[in-house]
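Everything below concerns the one structure shown next.
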There are 2 protein chains.
Amino acid sequence: MTARPAAQPPERLRRLPSRLLTRTAAQVQRLVAEGLGEYRTHHYALMAAAAELGPASQAALGQACGMDRSDVVAALDDLTARGLVRRAPDPADRRRNTVVLTGNGERALHELDARVQEVQQRAFSPLTPDERAVLADLLARVNRHHAEAE
Amino acid sequence: MTARPAAQPPERLRRLPSRLLTRTAAQVQRLVAEGLGEYRTHHYALMAAAAELGPASQAALGQACGMDRSDVVAALDDLTARGLVRRAPDPADRRRNTVVLTGNGERALHELDARVQEVQQRAFSPLTPDERAVLADLLARVNRHHAEAE
DNA sequence: AGCCGACTATTGGCAGCACCAACGAATTCG
DNA sequence: CGAATTCGTTGGTGCTGCCAATAGTCGGCT
């Protein structure tokens, strides 16, 4: 027997909050990716933004989703190729593209909504509803703190 | 005035736990990266593992850090190039490399320990010590749940 | 002794996410 | 009007987390 030492993480790392955070996020992100199947998080985010903002420019969608403009372009290319979104030049401002969800886009979004919700359940299943709320609150506060610093 | 709509994230995304988690992790990860300066998280993890495990094979280090073997190779390449780590073939098992931290490696690790600790303070500054403990506990439980499923 | 399976390090690749720089076209501001 | 800014687009970069294939080595089993 080679005295398998169980390969415990180094003490320094085991309780390091930032590591706990990033690793857990990676695990959850993995579940989300599986749940989204043929879509990426960018696709879901943009479709959600398009649905809630109505016709909007790519810049507006990107800002709403916290995405870089170039990533918006790439994701919208995918979505238009699948017929889930329409890009049309804005007559009022010819720099802009007006982006709208198609019927298929709305259907796809609803489907993804369901899948995403289902994943949330599995992702945080070790926590009670109260604990999930606490976690969300703590994360939101940390998140806000670093976000408003811009 | 173009009625700047504050660009709030879509409602679907704003409170989505998985998104809150991954985005906060990204923010914190960014701070960590800045704090580590010329090092990556992989470097720090491996040096920590090497320090705590003593002479160990790359496989053991990788397992301890939850890293892929190929990533271990790359990171150790960097560290040996900087003279922070020594790789020597294990005479007892010629498949293995025995990895040990050099004196400079230990000094660098101590330096990084300090930087990392300092970053933790800033990263979670909006939370009280109690809240940080709660957050760490909740994350640890979610983390364990997904880790032990392997 | 020989063979076969398992382990080790290494190479080379991929995908996702977050960024950044530069550009032309178009608009707004001073 | 001219300058500064905005918008979409292109074409990159880096970090992190993977996977597959390979050559060398070891261990157990026959």
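Excluded from the calculations below are hydrogen atoms, water molecules and symmetry mates; all remaining heavy atoms, backbone and side chain alike, are included. Every chain is numbered from 1, with letters handed out A, B, ... down the list of sequences. Bear in mind that the values here come from a model prediction, so they are computed numbers and not experimental data.
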Given the rule in the side chain to side chain donor-acceptor pair (under 3.5 Å) test, do A/Asn104 and A/Thr102 qualify, once you have shown the distances and angles that lead to the verdict?
CA-CA 5 Å; A/Asn104 283 339; A/Thr102 66; 5.3 Å; no
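Look at B/Thr22 and you won't find any side-chain N or O under 4.0 angstrom from OP1 or OP2 of C/dC17. Not one side-chain nitrogen or oxygen of B/Arg69 sits closer than 4.0 Å to the OP1 or OP2 atom of C/dA9. In this model, the phosphate group of D/dC15 is not approached by any side-chain N or O of B/Gln29 to a distance below 4.0 Å at OP1 or OP2. Side-chain N/O atoms of B/Ser70 include none lying less than 4.0 angstrom from OP1 or OP2 on D/dC18.
The interatomic distance linking B/Asp78 (CG) with D/dG14 (P) rounds to 13 Å, in whole Å. C/dC17 atom P lies 13 Å from atom CG of B/Leu13, rounded to whole Å. The NE2-P distance, from A/His42 to C/dC19, rounds to 9 Å in whole Å. Regarding B/Gln58, its CD atom lies at a distance of 17 Å from the P atom of D/dG24, rounded to whole Å. Atom pair A/Arg23:CZ and D/dG17:P shows a separation of 6 Å (rounding to whole Å applied). For the pair A/Leu21 CG and D/dT16 C1', the computed distance is 15 Å after rounding to whole Å. The nearest whole Å value for the distance from the CG atom in B/Leu31 to the C1' atom in D/dC15 is 16 Å. The nearest whole Å value for the distance from the CG atom in B/Leu36 to the P atom in D/dG14 is 18 Å.
Cation-pi contact between B/Arg82 and B/Tyr39: present, with separation from the ring centre below 6.0 Å and deviation from the ring axis of at most 45°. No cation-pi contact links B/Arg19 to A/Tyr44, judged by a cut-off of 6.0 Å to the six-membered ring centre and 45° from its axis.
The stretch residues 84-95 of chain B touches DNA chain C through B/Arg87, B/Arg95, each having a heavy atom within less than 4.0 Å of the strand.
Note on B/Val100 and B/Leu46: separate hydrophobic clusters, where clusters join Ile, Leu, Val, Met, Phe, Trp and Tyr whose side-chain heavy atoms are under 4.5 Å apart, directly or indirectly.
Here the straight-line distance linking atom OG1 of A/Thr98 with atom CG of A/Asp90 works out to 4.0 Å at 0.5 Å rounding. Atom CD of B/Glu111 and atom CG of B/Leu36 lie 10.5 Å apart (nearest 0.5 Å). Between atom CZ of residue A/Arg141 and atom CZ of residue A/Arg144 there is a gap of 9.5 Å, rounded to the nearest 0.5 Å.
Taking the side chain of B/Val73 as heavy atoms from C-beta on, and the options D/dT9, C/dT11, C/dA18, the nearest nucleotide is C/dT11. Checking D/dC18, C/dC20, C/dC17 against every side-chain atom of A/Asp68, the shortest atom distance belongs to C/dC20.
In this structure, B/Asp71 and B/Thr98 both approach DNA chain C, and ranking their closest nucleotides by distance from the 5' end singles out B/Thr98.
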